[in-house]
Amino acid sequence: MSSLDGDIFRILMFERCERMTKILTTLNQLNDYEKLKDFCDGFLLGINGLSIEYPSYQKEELLNFLPTLKKDKKEIFLALNKNMHNEDLTKLEEIMKIFDTKVDGFLYYDVALVELKQKHHFKTPLVWGQEHLTTNYLTSNYWYSFGASYTFLSSEITLEEIIEIKENAKAKLIVPIFGRLPMFVSNRHLVQNYYHYFEKNYEKGNYHMEKEGKSYPIIDSDLGTTVYSGHYLNGLKESLLLRKKEIDYFYCNSFDLDSSTFSKILECFYTVTEENWKEKEEQIENLLESNTDKGFLYKETVYKVK
Amino acid sequence: MKKPELLAPAGDLERLKWAIMYGADAVYIGGMNFGLRANANNFTLEEMQEGILFAHERKKKVYVTVNIVLHNKELKELTDYLKELEKIGVDAIIVSDPAIIKVAKENTSLEIHLSTQQSTMNKESAEFWKKEGVSRIVLARETSKEEIKEIIENVDIEIETFIHGAMCASVSGRCVLSNFLTARDANRGGCSQICRWDFDLTKDGQTVNFEKPFTFCTKDLSMLKYIPDMIELGITSFKIEGRMRSVYYIATVVDIYRKAIDSYFTDKTHYHYQEEWEQILRRCANRDSVPQFYNGISDETCQYYNGRMEISNQDFLGVVLNYNEQTKEAFIEQRNHFKIGDVVEFFGPGKEVISYEIKEILNENREVIDAARHPQEKVILKIEEKLEPNDLMRIKHQ
């Protein structure tokens with residue numbers, strides 16, 4: 001790096017620190033860490049059997065990996081976001097005990113985590129991560145009083161709503177800013193059921209459901225079925241506004257992307273400025289062949305049609 | 001052992017009255033705002049008041065759904081709305097967003113039931129909600145018999161479960177397909193039921209071609225066979241789904257489950273499941289139904305691949321408006337075409353079914369006609385057996 005490049009890099013890093021909006025992402029495999037570590041501040045990681053929509057690992061793998069993350073001063077959140085049955089509770093409690101104070105937060109969907117935190121006085125803060133239900137500041141504040149120091153906002157709210165929540169919420173906010181968005185979770189095995197109904201042999205593979213020219217990834221795993229959005233949300237330009245509004249975290253989802261492509265995209269989010277956003281946005285569009293949109297950042301949904 | 005409450009849906013005031021007449025112990029309704037069936041007729045506050053009066057006169061209850069997931073702009077009107085509900089005597093509110101629980105507790109004394117939208121399926125979550133002042137939890141549809149049992153044994157809170165009606169393909173609250181594909185918010189009452197659409201399925205870029213297109217469409221739920229089992233578990237309330245269903249559907253389903261529950265309570269030892277009940281329920285719906293997750297089953301037997309050709313039901317023929325005991329004449333309002341020669345049934349709350357072959361039809365002018373063709377046409381049938389106003393007429397299947 002030349003001395004001029006070094007100066008520019010330091011200015012950019014200074015700006016990043018000043019801006020204070022951190023970037024969280026996930027790891028499709030732990031080996032991807034080296035490619036991504038310079039362009040993010042932390043990770044959301046899953047535990048096998050207790051997490052959906054996040055790459056998941058055995059507890060031993062994560063325990064062994066934590067020192068690496070800590071050394072690089074990365075924040076770590078465990079995404080324990082499955083809907084829990086009674087039979088999951090023992091393992092859930094065990095994981096919360098093992099990782100208590102070792103990670104920065106437990107993301108939950110099921111309120112069993114809230115109850116267990118209270119019962120056992122776990123110190124680790126919670127992340128209210130009820131996905132499509134995290135839509136207003138009053139409820140964020142409600143969960144804040146139970147130890148949810150973070151709220152992972154829904155992807156179905158507008159930019160305006162995000163800003164209003166930031167102005168009124170006590171919790172730190174995590175805003176999904178890039179990636180395919182989860183649209184649907186079921187305990188049913190919907191792809192396998194289709195095969196079995198017509199007495200065909202189901203094989204694992206890369207499945208999509210298609211309608212009117214759009215293609216939606218559908219994953220049928222041990223825990224059920226998940227469907228993702230047809231487009232990648234690309235909120236690069238909007239991230240600049242949200243940084244000014246002091247949003248605490250952005251989340252960039254690596255699902256469905258190879259590590260090489262994703263690391264380039266992550267770098268764009270990490271180094272974007274008012275001056276270079278157009279160029280970065282074009283770079284992302286090229287990498288994704290323009291299969292992006294702005295999600296619900298500018299789109300209000302309706303619910304009464306008469 | 002306490003008899004469970006039979007809880008029926010009511011999309012409007014007419015349906016509320018029918019549900020109660022036909023044997024529901026309680027009904028759940030939605031207001032013009034804050035409910036998850038935004039496109040049902042729903043109730044104004046005045047209609048709610050009338051419905052509550054009707055119900056309370058008959059010692060029945062009315063619960064109001066306030067179960068949307070709130071956005072910021074809905075927060076402003078919430079407190080006043082809850083206070084209004086308390087003022088008109090609502091027996092409980094059904095809530096999914098816990099901010100509503102907080103506002104309700106701070107401003108009213110309303111009883112709070114937790115909606116299935118919170119997907120409660122374990123005892124720790126149930127314990128949390130109990131401490132929060134929720135008096136009843138509507139369990140997630142994904143909860144099995146053993147799980148229900150364990151929750152009831154470990155947490156002292158009323159438990160409500162669905163017994164009949166449509167099922168979501170997703171975990172309740174975890175589906176926004178409608179938001180993405182049609183911009184209609186599933187969690188604020190605008191669900192456009194994408195789960196019932198057909199899609200092309202591809203694997204590794206190649207289309208997967210079976211006889212019928214890929215869909216998430218699930219069969220309906222029916223727990224009729226398991227009523228004794230569920231009563232013994234100690235479930236507080238049996239919930240029928242369907243605020244957008246017809247009067248005929250609601251009356252039929254409530255009537256059958258009322259018979260099943262009462263029959264078991266009257267004489268447990270000699271309780272006898274009747275196939276005829278099942279046949280009647282099957283005919284009044286337009287999809288097959290199965291017990292689903294209760295038995296831990298969610299495989300292909302729960303799915304419905306029919307290429308979106310659900311058959312609309314034309315069994316419902318008419319409503320008895322009045323009966324003249326002297327002339328043995330029943331005054332009927334037509335709801336589907338019927339004609340001379342049809343064999344029909346009359347049924348009413350708590351009554352035995354009456355079979356009848358139509359031999360003559362008179363119009364309002366007492367002229368002989370061969371068929372009742374026109375929607376809501378008023379006709380006269382001569383029938384020996386006494387009928388009551390609001391008895392219903394349906395085709396009899398041989």
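Naming: A, B, ... by sequence-line order, numbering from 1 per chain.
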> Between atom CG of A:Asn206 and atom OG1 of B:Thr202, what is the distance when rounded to the nearest 0.5 Å?
Replying inline: 7.5 Å
> Is there a donor-acceptor contact under 3.5 Å from the side chain of B:Ser170 to the main chain of A:Phe184?
Replying inline: no
>> Does this structure show an ion pair linking B:Lys73 with A:Glu164, if we count only N-O contacts that are shorter than 4.0 Å?
In response: no
> Distance only, no hydrogens: is a donor on one side chain within 3.5 Å (strictly under) of an acceptor on the other, for B:Asn72 and A:Asn168?
Replying inline: no
> So do the side chains of A:Tyr216 and B:Leu177 get within less than 4.5 Å of each other, counting heavy atoms only?
Replying inline: no
> Do B:Gln118 and A:Leu133 pass the side-chain contact (heavy atoms from CB on, under 4.5 Å) test, and can you show the C-alpha distance, the side-chain angles, and the key distance before you say yes or no?
Replying inline: CA-CA 9 Å; B:Gln118 270 290 338; A:Leu133 312 185; 4.2 Å; yes
>> Please check: side-chain N/O of B:Asp185 versus main-chain N/O of A:Glu300, any donor-acceptor pairing under 3.5 Å?
In response: no
> Any side-chain heavy atom of A:Arg188 sitting closer than 4.5 Å to one from B:Thr218?
Replying inline: yes
> Does any donor atom in the side chain of B:Gln303 or A:Asn193 lie under 3.5 Å from an acceptor atom in the other side chain?
Replying inline: yes
> Taking the inter-plane angle between the rings of B:Tyr305 and A:Phe198 on a 0 to 90° scale, is it parallel (under 30°), tilted (30 to 60°) or perpendicular (over 60°)?
Replying inline: tilted
> For A:Leu190, is it the side chain, the backbone, both, or neither that has a heavy atom closer than 4.5 Å to a heavy atom of chain B?
Replying inline: both
> Under a 4.5 Å heavy-atom cut-off, does chain A meet the side chain of B:Leu70, its backbone, both or neither?
Replying inline: both
>> Strictly distance-based, threshold 3.5 Å: is any side-chain N or O of A:Asn86 a donor or acceptor partner for the main-chain N or O of B:Lys123?
In response: yes
>> So that I can tick it off, tell me whether B:Glu124 and A:Lys119 are bridged by a salt bridge, with the cut-off set at under 4.0 angstrom between side-chain N and carboxylate O.
In response: yes
> How about B:Asn122 and A:Asp88: does a side-chain donor come under 3.5 Å of a side-chain acceptor?
Replying inline: no
> Among A:Gln192, A:Glu203, A:Glu87, A:Lys214, which has the most heavy-atom pairs under 4.5 Å with chain B?
Replying inline: A:Glu203
> To the nearest 0.5 Å, what is the distance between CD (B:Glu146) and NE2 (A:His85)?
Replying inline: 12.5 Å
>> For A:Tyr194 and B:Phe214, take the angle between the two ring planes, folded into 0 to 90°, and tell me which bin it lands in: parallel under 30, tilted 30 to 60, perpendicular over 60.
In response: perpendicular
>> Are B:Phe128 and A:Phe146 an aromatic pair, judged by ring center distance below 6.0 Å?
In response: yes
>> Using heavy-atom distances under 4.5 Å, tell me whether A:Glu160 contacts chain B through its side chain, its backbone, both, or neither.
In response: neither
> Does the side-chain contact (heavy atoms from CB on, under 4.5 Å) test come out yes or no for A:Asn81 and B:Arg174, once each step is laid out?
Replying inline: CA-CA 11 Å; A:Asn81 67 334; B:Arg174 293 193 92 153; 3.9 Å; yes
